[in-house]
Every structure is written in structure tokens, then in C-alpha cells.
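Following: one structure in C-alpha cells, then a few remarks.
So you know, we letter chains A, B, ... as the sequences are listed, proteins then strands, and number each from 1.
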Amino acid sequence: MSGAEAVVPENLTEEQARAELERLAKEISRHDALYYRQDQPEISDADYDELRLRNEAIETLFPALIRSDSPSGRVGAAPDATFDKVTHGVAMLSLGNAFKEDDVSDFVERVRRFFKRGEADGAAFTAEPKIDGLSISLRYKKGALVLGATRGDGTTGENVTANVRTIADIPKQVRAADFPDLFEVRGEIYMTHADFAALNQRQERDGLQTYVNPRNTAAGSLRQLNPDITASRPLHFFAYAWGDASALPADTQSGMVEALARWGFPVNPLMRACASVQEMLAVHSDIEVRRAALGYDIDGVVYKVDRLDLQDRLGFVSRAPRWAIAYKFPAEQATTILKDIEIQVGRTGALTPVAKLEPVTVGGVVVRNASLHNEDEIARKDVRIGDMVTIQRAGDVIPQVLGVIEGKRDKSLKPFEFPKICPACGSHAVREVNPKTGKEDVVRRCTGGLICPAQAVERLKHFVARNAFDIEGLGTKQIEAFYEEGRVMTPADIFTLEARNARTDKPLQEKEGWGEQSVANLFNAINERRSISLDRFIYALGIRHIGATTARLLARSYDGIGSLRAAMIAAGDPEASEYEELNNIDGIGEAVAVAIVEFFAEGHNAQVLDALLEQVTPEPFEVEETASSVTGKTVVFTGTMERLSRSEAKVMAERLGAKVAGSVSSKTDYVVAGEAAGSKLKKAEALGVTVLSEDEWFALVGEG
DNA sequence: ACCCCTCGAGTTCT
DNA sequence: CTCGAGGGGT
């Protein structure tokens, strides 16, 4: 590193260093933009590198001054790069996980049990290594690659077509006679260990920042705005699945992968077909043995039901297919020192202990914090501040404390005393007793409620969360800052921010980090949300037990916020018909019903809601009460349906004017039987009630 | 009275 | 991602 001396700064004072870092951050980010986005660098690569080196050298001398927007923390253009959004025709799902052999046999057992006896007993499974890269969907029309999209949240990803085209492994044109007109190939983009090491060597030689692990590097390489950068990175691809397709070349998983290979897509050579749990486990241990020699990262083995017709019938459980599972390799572990236990306060008042750790690298990432879950967990493991502890990244993502290394404990360490008062507001923190079971809750909760600042901030964060108001430019950081400055104390304050900002002594645009443009953008984003769907609105209120799903259920069951509110107030009397109506919603039981009723009965909530409704209009769900072929009929749903959850089916049937009953009787007109229907189906048959399949039901009501 | 599944609420790091 | 609780089916 001979060049480094030249840029090591003269004896700077702290004040000078601060100013210099600020200047460098601006300068480097300007050159980044010129180089990466406009492709018109103003300075030579060497001069650019020198700027970076100077920045890093000053940061080494004054680590306390490292800026949050420091250029050393990133490579290339700022990551706020905007790619077009792409909605996947067929969602890109995640997989259920198995961590031990029993989980695999349970999975096989579950699959077999799903079908009527014997039908799937001999069904085969495929086994293949789970590549640790990033999922991608490649759309081909008449053989031509027309779109490459990242997984994103599974439903919506980003358009990275230009970058994907630079990857040699990915065919730009498929010329097979049997390649369907429309076909989406899905697979994993990854970087080999050798390429990763070479890239890092080059970075180091050039005095540039080195990368942490192949996975993140591959992901970063693909999200470059300039495809030339992606092209310069050695990325590879394995195909293993498909999405939208006008035709399928095979009726088994293994047949599909053979076709993909025949069409010129790289497929993993370690894929095997298995006829039994024993074989599946054998493949897992075989792949685990070869893991180190593969030359690329894998984190487990994926098993899939081979027959596609069985896959179709198995369907999905929320976000994961029932016909596939990932058997993960044991997570990497590490030991480190537990420096402290911090107590965080959630929006419901829950006190959650978090372990502050001596930073340690686990699975290619530096871990500083780890969840300790709750009071009992700390007691069970007898974790004490100062202990040497073992940690792992559960499912290779969330760090958790496994336990204490006993021999190393200093005798002076005292058992951790879980606070009985809220660290944020000093109110009592208690463990509620469940009225049903008489048992103590696992979580200790702050009773401060409205007076607790920590809860208030967390509620606001929830209000702007992704499934709630989702206001661009208003994230956790801004909410915290705005709360501290007194700009935003309740949800309605967000919507009066602009008006107040115009009058205030210290308007936003005078704050550091804010300019005219960013302030205008924020107000625009806020104003866009003055009209919002009812389900998001309900979710945003942060009522206990009401998550995104239940909020949607409520939104569908009531005409609007007004009628919901009126009904909930009436339901304060448990004898009222409104209470019964609420409790009858499939998916809402006593605890949930009580929570909703209590929320609307609370005076402060009423005020907050009134103020909010002056600013925001929740749009009700479009529910056309239609007369249909099932109007006035009584319907019972049983078994597992593919396209609807049972609660959705109920809402749908009621919208069509039908009554949904819980059990079959002679008054029942239709029984709709999904897969694995049980006693209700038998009873229907015994009583001679019409039994419909899911498809027949859709046909009957005339909906696709 | 169980058992299974779904949902909510908490968490990390990039 | 994990955990516990709630809800519903057998």
C-alpha cells in the first residue's frame, strides 16, 4: 500500500477532519453519479481512488466522525437506484424450512396424508442443493429474453433486464422447437468462491474496499444502474423452476429441469430423484460432504414433490408451497462476549431484551445484537452480562443467543434482573394473566400506555409501516426525529405537518439533511395518502391482535370506518347483536373481538381517530352485494381450498347473499369440499347434500 | 381435549 | 425468521 502514505492527511484537528469528511462525501458521490449514471467521469480512476483513500484514512484516524452517508460504506452509485417495478404473474414464493431429519419425514408424511389413502404413497421427490444467491425470473417471448426481474417481496420485483443480459450463463435467445411461446424461467444468480476471491484481490490491489461475501456481492452487482458494471462482474446462473408459461414440456419436476437443460439453461448437476425419506436424507448428507468443494455457496437441500399434478393439488400455505421444503445445513455458530442487555419497548408496550454483543463475524456478517426473546428465556439460559455466549444466525438470518459457555463464567457475575418498570416512562411493567388459561403471559408489558414515549413512537412507526400508510420518505428515522422535535406526536400531525411547517420558526427545510426539494417530496408523498384503502387504515390504527390479514377481514365486513366504529361502540354490550356479528366473522374470536371493542371505547383513541378523519379519507372495499345463484342458500366450507382461505371463502359467499354455516345439517344446501375434507364431507354424503369441489363452486357462482 | 395452522408481534442486517 | 397465542377442526 505505497500510495496510501501520500493521501494520509496532515495533522488535522477534529474540526478540520469533520469538514473534510463532509467535503469528500459530497465530492465522491458527485463523481459516482458521473461515472455510474451518466457514464461521463470527470477525473481519472487514479484520482478518484485517491479521494476514496483520503476519506478512508481520515475515517481511520477519527472513527467517531464517520458519516452515515460515508462513501466507504458503499460501492458505486447510491443504492437508492430506481428500477421499474415488475409484478410477477405467478408469485415467487419462499420455502418452508426443515432443520432436522424428523422435519423431513414429517414433510413427507404430511404430503402423503394430504391425499386419499394410498394415492401418493409411491410418489417421488426431487432433491437439489439450495443455492445461496438471489432469485431471478426470466421471461421469454417466442424464445427471446424480454424481461429479467428480481424476486422483491415475492409479488413485485424490479426490472433488471439490462443487467441480466450481461450474464453469459443466461441465454438471450432460445431456439428449441418445443420452447413455449411464453415461458418464465426461474433460478438463482450467484458468484463462485474463486471469482469472489479474485474480485476482492483486485479491489485490495487497487486500494479499494473489499466485499463481505459472494451473496451480497452478487446482489449488489445485479442492482447496478450501469449494466457495464454488472457485465464486469463474474455472475452465474442455475435454473430450477418456472413461472408464467403458455405450455409445459413435462409433467414432473425432474422432467421440467431436463427440458430447461435441453433448452440451454444451466441446471445443477447434483439434482436427484428420491423414492424414500432414507434416500432424501442420504442426498442431504452427500451434498453436505461435497459442500466445501462445490466452489459456490449453498445453504441446504430443497426437496420437491416430483409429479406436477400432485404439486397443483397440494397448493400453498400462505407464502410457501406445501409440496416443497428446504432442509438447511446447521447454522454457523460463534462465541463472543455479552456486553449488555438492552430493554426495548414495543408499540404494545412489550419489553424485549436484546443482547449487545462484542462484534463477531457469523456466516459472513458482523453481528452486534441478538434477540433474547423474553424474561423467561434469559432465566432459562441463565444469561448474565459479562458472560461468554454462543450465538448463531437462525435460518442463517436472525442472530440468536444459544447459551452460555459455563466454564468461562466469572464468579462475580450476577443473574440478570429483568426490570419491573418501563425503562422509557417508569410505569409498572407487568405480565398479564390470560383470563382463559389463568397462565401468566410470557411478555412483560409497560402499563404506561398513552404516557409512554417509547410506545408512542413505535405506534407512529407502525402507522407509516409498509402495510399501513407507507409514506415514502417517512421512515423510522424521520418519525423518531419528528417526534423528538414535537413535530409529530399523533398520526393526524403527519397530515398537518405541511400547514404548520409554513408557519413555524424552524421549518423543515432549514434542518440539516433537508432541502426545498426533499421537503416538497415529503409533503407530496403525505398528500398522496389522504385517500387510503380501509384495510390499510384499520391496520394503521395499531389495534392489538389486528395485523394486515385481520384488518382486511374487517374492512370487507364493514361498509366503512363509520359503520365499523358505530358497530364496535354498540358491541360494548356483549349481549348486543353487533358483538355477535363481530364474533361470527370467521377468524375473529373472543380475544380479538374484545381488543377491537376496547380500542374504540377508549376516549383518547376516539380523539386521535376524529382528528385523523379530518385529514384522511378511508375508501371502503368495493363490495357489490350481488344476487346470485347462491342467494339465500346455506353453504358449508370444509377441507383446504387452493384459491381461497376459509375465511375468504366465507366473505365471498356472504357477499353473494349466501349464509355460511359451520356444520352440516339437512338445512345445508351446498357443501364445498377442498382437499383433505373430513367428517363434514361424510356427513354431507350421508344426508344427501350437494357436494361441490372448489372449481364447481366458482363455476356455480360464475366467478373465475 | 387435543392438534394444526395462521396470524401477530417481536427481532437483525444489508 | 421465530415465537406464542388465537382460532378452528377432529
Compare the minimum distances between each of B:dG10, C:dG6, B:dT11 and the side chain of A:V592, then state the nucleotide with the smallest one.
C:dG6

With a non-hydrogen cut-off below 4.0 angstrom, is A:A548 in contact with a base, only sugar-phosphate, or nothing?
sugar-phosphate

Between C:dC1 (C1') and A:I391 (CD1): distance, integer Å:
15 Å

Just compare C:dG7, B:dC13, B:dT11 and give me whichever is closest to any side-chain atom of A:V354.
B:dT11

Once you apply a heavy-atom cut-off of 4.0 Å, does A:V367 come out as touching a base, just sugar-phosphate, or nothing?
sugar-phosphate

Whole-Å distance, A:R466 CZ to B:dA9 P, equals 16 Å

Using a cut-off of less than 4.0 Å, is there contact between a side-chain N or O of A:R544 and OP1 or OP2 of B:dG8?
no

Please state how far atom CG in A:N369 lies from atom P in C:dT2, giving the value in whole angstrom units.
18 Å

Between B:dG10, B:dC13, C:dG6, which nucleotide gets closest to the side-chain atoms of A:H545?
C:dG6

Which heavy atom in A:V404 sits nearest to a heavy atom in A:V383, and how many Å separate them?
CG2-CA, 3.8 Å

As a test of reading the structure: which of B:dT14, B:dG10, B:dT11 is closest to the side chain of A:N216, going by heavy atoms?
B:dT14

Under-4.0 Å side-chain N/O to phosphate OP1/OP2 contact, A:S371 with B:dT12
no

What nucleotide, of B:dT12, C:dA5, B:dG10, holds the atom closest to the side chain of A:V442?
C:dA5

Which whole-number value in Å describes the distance from A:N374 CG to B:dG10 C1'?
10 Å

Can you check the A:L553 CG to B:dG8 C1' distance for me, whole Å?
14 Å

In this structure, how many angstroms lie between the P atom of C:dG7 and the CG atom of A:L554, rounded?
12 Å

When rounded to the nearest 0.5 angstrom, what distance separates NZ in A:K420 from CG in A:L351?
10.5 Å

In whole Å, what is the span from the CD atom of A:E432 to the P atom of C:dG6?
10 Å

Just compare B:dC13, C:dG7, B:dG8 and give me whichever is closest to any side-chain atom of A:T550.
B:dG8

Residues A:R151 and A:S135: side-chain donor-acceptor under 3.5 angstrom:
no

Students often get this wrong, so: under 4.0 angstrom with heavy atoms, is A:D441 touching a base, only sugar-phosphate, or nothing?
sugar-phosphate

Quick check on B:dT11: is either OP1 or OP2 less than 4.0 Å from any side-chain nitrogen or oxygen of A:Q344?
yes

On DNA chain B, more 5' by nearest nucleotide between A:R368 and A:G547 is A:G547

Can you tell me how far the CG atom of A:L582 sits from the CE atom of A:M568, to the nearest 0.5 Å?
4.5 Å

Show me the donor-acceptor pairs within less than 3.5 Å that the side chains of residues 361-370 of chain A make with the rest of the protein, sequence neighbours left out.
| from | atom 1 | to | atom 2 | distance (Å) |
| --- | --- | --- | --- | --- |
| A:N369 | OD1 | A:K356 | NZ | 2.8 |

Donor-acceptor contact below 3.5 Å, side chain A:R444 vs main chain A:A429
yes

Determine: side-chain N/O of A:T348 to OP1/OP2 of B:dG10, distance under 4.0 Å, yes or no.
yes

A:K381 atom NZ is separated from C:dC3 atom P, nearest whole Å, by 8 Å

